[in-house]
2 protein chains.
Amino acid sequence: MDIKYAILGLLSWRELSGYDLKKMMQDSELFYWSGNNNQIYSTLVHLHHEGLVDVQLQPQEHLPIRKLYSLTIEGKDALKHWLISEPQLPQLRKTFLIQLAWSIDLSHQEIDNLLATYENEVRLRLVMLKEQLKRGTLINPARNPREKYVWSMIWDNYMQSYQAELEWASKLRRNLPE
Amino acid sequence: MDIKYAILGLLSWRELSGYDLKKMMQDSELFYWSGNNNQIYSTLVHLHHEGLVDVQLQPQEHLPIRKLYSLTIEGKDALKHWLISEPQLPQLRKTFLIQLAWSIDLSHQEIDNLLATYENEVRLRLVMLKEQLKRGTLINPARNPREKYVWSMIWDNYMQSYQAELEWASKLRRNLPE
DNA sequence: AAGGACATGTAACACGTTACATGATTTT
DNA sequence: AAAATCATGTAACGTGTTACATGTCCTT
């Protein structure tokens, strides 16, 4: 349950509501749960049961009560414990490779089209990432040189992955036997 | 439901049982369902309902009946239709990046350890892939130059991804501010 | 008039993983 | 004696996505 630790991490910066978390996670490559309502709200309830977060209720006029979550001591410990735990390998699910594998009986033209479409999608993703980075709409804290450096490397990691995918596709198109 | 098309693809080569499919998919990077029993057997039932596969029963002594599945015309069409459909972007779930992001408050030593452990895991994965490739335990058909080339590029793609991950981690370790 | 921001939440479904159950035969 | 191979399948659970429901205020 990785979303649990992602939430603990974000809460370690400052107290947040479920809605805040949703906004921070949505459209984020890093928080790949895509701002999923369901998982965020139920994980928060779960974390509260476990005693890893506290809730502070903020009544508002004309709006539902805002529930501000913050880490408890136990929450901070749980996060710290996870941080030094065994890292996981990235999960690379590349459905396109399966599609490509069985496309070899299509015409050269059709395969080339397929690869071109793939390239375009990847390129678009890359451009969007760069754009988000430039506009500062990505989470990108820089309270000290180390934090700044690490976060720049995090976004680099994704850009590098997509860039490599582009070059791979381009090479494949150039060298595909007739 | 991508496993559906992965199964149709494999069946397009030759008729196979659920057990055969399971063996082909397990420990495979490409077929990331990890040889999952449950999904394979139920997808086969589903495909049969849809009329995309035929079943041929093979009674055996001392063993359960073997069910050999093969593609129907409709199955071949469904596969072909999927092949020329819109490619999907790869799904890159890199939990380690989240872990790293909140590790910046650990000691330099601890972060370095974390990165070293990550590198080792990735390196191991890379070595295993290369080993599997050398031993021919990966699915790697080469009935013609194009098929041979495409499959070599498929496995290259994964090796490239892991290689890039290694270089990224190494760079991070070298440049991490104190 | 329509849609988005704010803020909570639930329902339904789809996808994925692990473990179990059966039971003979063969290998370690 | 234990474990793997062959071959089917189910149960239980965990994770992830989409859509819906409520209701006010503000912007287009």
Side-chain angles (χ1 to χ4, degrees), chain A residues 1-7 10 15-50 53 55-69 88-95 98 137, chain B residues 1-7 10 15-50 53 55-69 88-95 98 137:
Chain A
M1 219 194 184
D2 296 331
I3 197 177
K4 174 174 154 176
Y5 295 103
I7 289 175
L10 289 166
E15 46 182 29
L16 296 164
S17 66
Y19 187 72
D20 292 332
L21 286 163
K22 183 182 147 193
K23 274 189 303 174
M24 292 171 94
M25 291 187 170
Q26 80 194 356
D27 311 314
S28 172
E29 191 82 38
L30 184 61
F31 305 104
Y32 52 82
W33 306 272
S34 64
N36 180 341
N37 245 357
N38 204 331
Q39 262 175 304
I40 291 171
Y41 284 107
S42 56
T43 302
L44 284 170
V45 169
H46 184 73
L47 288 172
H48 192 229
H49 268 142
E50 283 188 291
V53 298
V55 197
Q56 196 192 316
L57 300 178
Q58 294 197 314
Q60 302 175 104
E61 276 188 85
H62 312 302
L63 279 177
I65 279 188
R66 194 158 179 256
K67 297 186 177 175
L68 263 185
Y69 291 90
Q88 288 173 230
L89 279 178
Q91 267 181 60
L92 312 172
R93 297 184 174 180
K94 306 192 179 195
T95 305
I98 300 179
T137 51
Chain B
M1 219 193 184
D2 297 331
I3 197 177
K4 173 173 155 177
Y5 295 103
I7 289 176
L10 290 166
E15 45 181 30
L16 295 164
S17 67
Y19 187 70
D20 293 331
L21 286 164
K22 183 183 146 190
K23 276 189 302 175
M24 293 171 93
M25 290 188 173
Q26 83 193 353
D27 311 314
S28 172
E29 190 84 35
L30 184 61
F31 304 106
Y32 52 82
W33 306 270
S34 65
N36 180 340
N37 246 358
N38 204 332
Q39 262 176 303
I40 292 171
Y41 284 108
S42 57
T43 302
L44 283 170
V45 168
H46 185 72
L47 288 172
H48 192 228
H49 268 142
E50 284 188 290
V53 298
V55 197
Q56 195 192 318
L57 300 177
Q58 294 196 314
Q60 302 174 104
E61 277 188 83
H62 311 303
L63 280 176
I65 281 188
R66 193 154 181 261
K67 297 186 178 174
L68 264 186
Y69 291 90
Q88 288 175 228
L89 278 179
Q91 266 181 61
L92 311 173
R93 295 182 175 184
K94 307 193 180 195
T95 305
I98 298 178
T137 52

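Labels below follow one simple rule: chain letters A, B, ... track the order of the sequence lines, proteins then strands, and each chain is numbered from 1.
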Could you check if a side-chain atom of [X] sits within less than 4.5 angstrom of a side-chain atom of [Y], using non-hydrogen atoms only?
X: B:E50; Y: B:K4; result: yes
X: B:K67; Y: B:L44; result: no
X: B:D20; Y: B:Y69; result: no
X: A:D2; Y: B:R93; result: no
X: B:F31; Y: A:I98; result: yes

Euclidean distance, atom [atom1] of residue [X] to atom [atom2] of [N] [Å, nearest integer]:
X: A:K22; N: C:dT8; atom1: NZ; atom2: C1'; answer: 9 Å
X: A:I7; N: D:dG16; atom1: CD1; atom2: C1'; answer: 13 Å
X: B:I65; N: C:dA24; atom1: CD1; atom2: C1'; answer: 16 Å
X: A:M25; N: D:dG16; atom1: CE; atom2: P; answer: 11 Å
X: A:Y41; N: D:dA21; atom1: OH; atom2: C1'; answer: 13 Å
X: B:L68; N: D:dC6; atom1: CG; atom2: P; answer: 14 Å
X: B:L44; N: D:dA7; atom1: CG; atom2: P; answer: 15 Å
X: B:L21; N: D:dC6; atom1: CG; atom2: P; answer: 14 Å

Report the residues that fulfil side chain to side chain donor-acceptor pair (under 3.5 Å) with [X], sequence neighbours left out, ordered by chain and then residue number.
X: A:S28; result: none
X: A:Q58; result: A:R66
X: B:T43; result: none

When you check the phosphate oxygens OP1 and OP2 of [N], does a side-chain N or O of [X] lie under 4.0 Å from one of them?
X: A:S42; N: C:dG9; result: no
X: A:Q60; N: C:dC6; result: no
X: A:K4; N: D:dT15; result: no
X: A:Y19; N: C:dT8; result: no
X: B:K23; N: D:dC6; result: yes

Give each protein N/O atom lying under 3.5 Å from an N/O atom of nucleotides 1-3 of chain C, with the pair distance.
none

From D:dC20, D:dT8, D:dA7, nucleotide with atom closest to A:N37 side chain: D:dC20

Residue pair A:Y32, B:T95: steps toward the side-chain contact (heavy atoms from CB on, under 4.5 Å) verdict: CA-CA 9 Å; A:Y32 52 82; B:T95 305; 3.7 Å; yes

Residue closer to the 5' end of DNA chain D, B:Q91 versus B:K67 (nearest nucleotide): B:K67

Closest approach of B:Y41 to B:Y19 (non-hydrogen atoms, all atoms of both residues): OH-N, 3.5 Å

B:L10 versus B:L16, closest heavy-atom pair with distance: O-CD1, 3.7 Å

Atom pairs, N/O to N/O, protein against nucleotides 13-16 of chain C, distance under 3.5 Å?
residue, atom, partner, partner atom, Å
C:dC15, OP1, B:M1, N, 2.9
C:dG16, OP2, B:W33, NE1, 2.9
C:dG16, OP2, B:Q39, NE2, 3.0

Protein-to-nucleotide contact annotation, 5' to 3' order, nucleotides 23-28 of chain D [B base; S sugar-phosphate only; - none; under 4.0 Å, heavy atom]: BSS---

Identified side chain to side chain contact (heavy atoms under 4.5 Å, CB included) partner of B:E15 from the options B:V55, B:V53, B:L68: B:L68

